[in-house]
Amino acid sequence: MPPSTRHLVIVESPAKARTIGRYLGTGYDVAASVGHVMDLPRRELGVDLEHGFEPEYVVIRGKGKVIKDLKSRAKKADRIVLATDPDREGEAIAGHVAFQLGYDKQPDRFERVEFREVTRDAVRAALAQPGRLDVRKIEAQQARRILDRLVGYRVSPFLWKPIRPGLSAGRVQTVALRLICEREAEIRAFEAEEYWSITAHLKADDQAFEAKLHKIDGRSFRLPDEAAAADAVSDIDGVPFEATDVKRRERRKNPAAPFTTSTLQQEAAKRLRFSARRTMSTAQRLYEGVELGGRGAVGLITYMRTDSTRVSAGAVDSARAWVQGEFGARYLPKGPRLYGGKQQKGAQEAHEAIRPTDPTIHPREAARFLESDAARLYELIWLRFVASQMSPAVYDTTTVDFALKGASGRMWLYRATGSVVKFDGFTRLYLEAREEGDHRRLDDLEPLPDLSRGQRAERTALEPKQHFTQPPPRFSEASLVKELEALGIGRPSTYAAIISTLVDRDYVILEKRRFEPTDLGEVVSKLLVKVFPDIFDVAFTSRMEGELDRVEEGEVGWRELLGDFYPRLEQRLAQGSEVSDEVLREILEAKGETCDACGRPMVVKFNKRGSFLGCSGYPECSTTRSLGESVDEALGTDPGSGLEVRVKVGPYGPYVERAPAASGEKPHRVSLPDGLEPESVTLEVALRYLSLPRTLGADPKTKTPVVTALGRYGPYVKRGKTFANLKNHEQMFTIELPEALALIKAKEESGGRRVIRELGAHTESGAPVQVLDGRYGPYVTDGSTNANVPKTMDPEEIDLETAVDLLAKRALRGRSKGRGRGGARKGGGRRGKGG
């Protein structure tokens with residue numbers, strides 16, 4: 001950097017800083033704050049309830065060096081340009097950075113600029129029109145942060161004693177959990193009802209087609225059983241199928257609007273099977289800029305946190321030019337398609353939809369420079385945007401009715417519906433993905449023969465078919481995002497964090513890509529909704545989002561908002577303290593289960609391994625047993641020892657047991673792996689696991705035994721004190737000594753760790769970042785910091801950006817005090833009043 005720099009430009013991320021730095025050249029120094037630099041303290045409330053909810057901000061642990069560097073650069077600059085993201089979080093980051101760099105003493109040195117795409121023209125245009133910090137936007141973010149802190153810190157302790165220490169409640173996350181639990185309750189309460197349909201298999205002009213029974217005597221109907229269906233079939237036996245009405249019409253289907261944050265998350269979940277977190281982190285990289293060969297660093301998409309569907313005229317013209325050149329004038333509507341109109345109230349401030357910054361950069365060109373996730377997501381965004389400027393698809397639809405008079409005099413109306421693509425329009429480029437439960441599209445209909453009124457069709461079969469009504473489906477990631485947006489819960493930019501928190505806290509699991517609440521999640525939801533019915537009410541949470549919008553719009557003060565909310569929370573906290581024991585007994589009591597030792601009711605309890613039953617008389621009585629149906633089943637006799645073998649379920653899960661050989665000896669027990677249900681365990685399977693640990697032989701050099709076994713962290717092979725993880729449980733029984741020694745050697749050569757992936761150089765330190773498989777599971781490391789890989793992530797798919805984020809979060813928590821436990825040092829850095 002030159003000795004004197006006219007402008008210091010501050011953004012959030014190093015990647016964004018590198019891209020912008022290339023655009024601006026000399027006279028500008030571009031630095032990154034690496035996200036937020038200040039926040040409320042981690043281990044205390046950090047809000048002065050006696051003085052207008054004043055926040056007590058501290059420097060985030062690990063950000064002292066960042067602030068010191070920014071201060072050093074600021075001394076050499078004439079102007080300080082705050083160029084963080086154009087939303088509330090970005091404004092708050094800008095405000096805290098400005099506070100650290102002396103905004104209160106020299107406000108005229110600071111400028112605020114906003115751009116919604118990281119391109120040369122957009123950045124330079126923003127710098128040419130600087131503004132000031134938006135205090136209202138900062139206050140709206142601050143109000144949200146304090147609201148979340150008040151709920152989290154005051155409500156979470158209600159969960160610790162009765163359920164489990166360390167559990168968390170969240171103002172928005174709990175409402176999302178409530179939606180998932182209530183859907184599960186609907187599914188359990190659902191009683192399937194039988195009904196029958198009748199399909200006529202017909203043929204005309206050598207073309208087969210189908211017509212379904214549509215109405216009986218002009219009314220909707222229900223055939224409840226096989227007898228009713230058989231009666232419907234027999235009543236028209238021999239009656240010819242003659243077309244009584246034929247309707248043809250042309251239908252047009254317009255393309256979908258370009259992506260908003262919510263619709264991008266939904267479509268990426270359906271089409272690419274991306275989680276919301278994966279979608280947003282990948283979009284962040286595309287927005288901040290990537291190297292595209294001769295083009296240099298390019299921000300490929302516009303800002304990805306937006307509720308707007310508007311697009312700029314220049315982008316529309318560019319897309320239309322591409323369509324014209326690729327497909328011709330037929331695929332262009334007469335004029336540009338302008339999206340937008342009335343946006344959702346409280347929409348994020350980005351003025352445009354998510355679109356390619358330069359539609360001339362085709363996905364095929366970009367893919368050569370992008371990793372897989374980024375290439376696939378860019379293609380999806382590009383296709384959606386370009387297709388949004390194309391002509392509608394045109395379909396010729398036909399409906400043919402067959403009104404048949406049965407022997408009983410009843411009228412049976414069968415209807416056939418078909419569709420033919422007359423002009424493919426935008427569908428030549430893009431079709432929205434679908435998942436189970438979505439409505440059929442015109443594209444799904446088969447064409448019908450060219451029938452006319454009075455023409456007969458040959459009946460080849462009349463097929464009655466049994467059905468059962470289905471419960472509402474569990475939420476997928478896409479449908480949950482859609483529901484949250486429809487109800488006004490949170491904001492699309494927060495959905496990824498909400499969903500990830502629910503999974504990381506073990507409140508829900510993803511089963512076949514659908515969310516299912518765990519026992520823990522259901523108990524947490526029931527307790528919080530029972531004690532705090534209005535705080536975690538869907539409508540109330542939605543209204544609070546509207547109130548935060550009003551803070552930003554200047555219609556209500558942030559202190560006024562908190563002053564209206566907090567007394568209600570305090571009242572509920574007081575009431576909850578009085579009724580919590582009674583409520584807990586109602587929620588946690590295991591109906592009909594009593595303690596074998598003392599006869600008192602059993603209650604559901606939780607530990608890190610899951611749920612189990614414990615005596616309500618604890619600590620006087622410490623009896624426990626497995627939750628649900630007790631399993632203690634004799635499987636037979638071990639042929640080798642003559643001892644009885646049983647399968648059981650205990651508080652820590654299922655296990656197999658071989659009876660002791662003599663009185664006073666402990667039985668030999670081996671836990672069963674996850675996914676192996678006790679009901680499916682046979683004597684042969686039990687004996688396999690009871691053979692563990694399995695000795696493979698001795699190391700020829702050290703003469704130390706080498707064994708395989710099943711541990712807390714999965715299957716492993718061990719020689720002395722050196723462990724190496726195995727890929728699967730079957731390998732415990734099949735691996736031989738040479739292969740086991742090779743795994744142990746590789747583990748030792750890697751410093752006790754197996755390398756899963758090499759990710760490249762750290763974006764800040766330049767240190768090599770790896771994904772490793774350690775004794776306690778997969779983790780990422782840069783040589784100085786280790787961060788566990790969350791169970792929601794596949795270690796084989798982690799990219800550099802995700803790994804850097806995990807390492808940064810781990811560093812902020814401080815060094816661990818002991819194995820497997822995070823513990824930040826006391827103290828939180830320098831404090832500062834918020835604003």
Side-chain angles (χ1 to χ4, degrees), residues 176-201 210-236 266 269-270 410 412-417 433-441 444-445 461-484 486-487 502 507-523 525-526 529 538 587 590-593 604 611 627-631 649 675 677-680:
L177 175 62
R178 177 179 185 172
L179 295 175
I180 294 172
C181 291
E182 289 178 348
R183 176 62 59 88
E184 193 69 19
E186 287 182 61
I187 294 171
R188 289 175 186 161
F190 181 83
E191 295 184 5
E193 295 183 5
E194 180 184 7
Y195 71 97
W196 286 69
S197 66
I198 302 178
T199 302
H201 296 271
E210 295 178 354
K212 294 185 179 294
L213 180 58
H214 184 60
K215 287 187 177 181
I216 302 175
D217 290 331
R219 295 189 296 272
S220 299
F221 68 95
R222 182 174 175 273
L223 298 177
D225 50 40
E226 186 175 11
D231 178 57
V233 170
S234 64
D235 197 46
I236 59 170
Q266 293 174 51
K270 293 179 184 180
R410 286 180 292 177
W412 308 86
L413 178 65
Y414 282 77
R415 175 167 290 176
T417 305
R434 293 193 307 153
E435 63 181 1
E436 183 183 354
D438 289 348
H439 295 297
R440 285 202 311 170
R441 295 189 296 232
D444 300 324
L445 301 177
L462 204 57
E463 178 191 15
K465 190 173 183 179
Q466 184 186 42
H467 306 272
F468 291 93
T469 53
Q470 297 296 311
R474 292 188 176 101
F475 287 111
S476 65
E477 187 129 0
S479 61
L480 180 60
V481 166
K482 186 176 182 179
E483 184 77 357
L484 291 172
L487 294 172
L502 294 179
Y507 292 164
V508 301
I509 58 172
L510 264 174
E511 189 71 29
K512 296 181 180 178
R513 303 186 66 226
R514 299 275 174 170
F515 289 109
E516 183 177 348
T518 61
D519 293 337
L520 176 62
E522 291 197 78
V523 168
S525 177
K526 286 178 184 177
V529 171
V538 172
I587 292 173
K591 305 296 183 183
E593 298 282 353
V604 182
S611 54
L627 179 64
E629 213 173 303
S630 179
V631 177
V649 177
E677 298 298 330
E679 294 80 6
S680 65

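These values consider heavy atoms only, across backbone and side chains, with no hydrogens, waters or symmetry-generated copies.
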Q: Determine the minimum heavy-atom distance between V508 and F515, stating which atoms define it.
A: CG2-CD2, 3.9 Å
Q: Please report the shortest heavy-atom distance between L177 and G521, naming the atom on each side.
A: CD2-O, 3.5 Å
**Q.** All pairs passing salt bridge (charged side-chain N to carboxylate O under 4.0 Å, His left out) where residues 215-225 contributes a residue, at least two apart
**A.** E193-R222
(Q) Is the shortest side-chain heavy-atom distance between W412 and I198 below 4.5 Å? (A) no
Q | Side-chain heavy atoms of H467 within contact of S197, under 4.5 Å | A | yes
(Q) Rounded at 0.5 Å granularity, tell me how far CG in L413 sits from CG in L213. (A) 8.0 Å
Q.
Less than 4.5 Å apart, side chain to side chain, heavy atoms only: is that true for D519 and V523?
A. no
Q) Is there side-chain contact between D231 and L223, with heavy atoms separated by less than 4.5 Å? A) no
**Q.** Heavy-atom pair with the smallest gap, counting every atom of F468 and Q470
**A.** O-NE2, 3.0 Å
Q: With the side chain counted from C-beta on, respond yes when P473 and R514 share a heavy-atom pair under 4.5 Å apart, and no when they do not.
A: yes
Q: State, to 0.1 Å, how close L484 and A176 come at their nearest heavy-atom pair, and which atoms those are.
A: CD2-CB, 4.1 Å
**Q.** OH-NE2 distance between Y414 and H214, expressed to the nearest 0.5 angstrom
**A.** 13.0 Å
Q: Might you confirm whether atom CD of E226 has over 12 heavy atoms from other residues, nucleotides or ligands at distances under 6.0 Å?
A: no
Q) Under 4.5 Å between any side-chain heavy atoms of W196 and V233, yes or no? A) no
Q. When you check the gap from the basic side-chain N to the acidic O, do K465 and E210 get nearer than 4.0 Å?
A. no
Q: Ignoring hydrogens and angles, tell me if any N or O in the side chain of R513 forms a donor-acceptor pair with the backbone of A269 under 3.5 Å.
A: yes
**Q.** E191, CD: over 12 other non-hydrogen atoms inside 6.0 angstrom
**A.** no
Q | Approximate separation, where rounding is to 0.5 Å, of E483 CD and L480 CG | A | 8.0 Å
Q | Between CD on residue E522 and CD on residue E516, distance to nearest 0.5 Å | A | 8.5 Å
Q: For the residue pair I187 and E184, establish whether any side-chain heavy-atom pair is separated by less than 4.5 Å.
A: yes
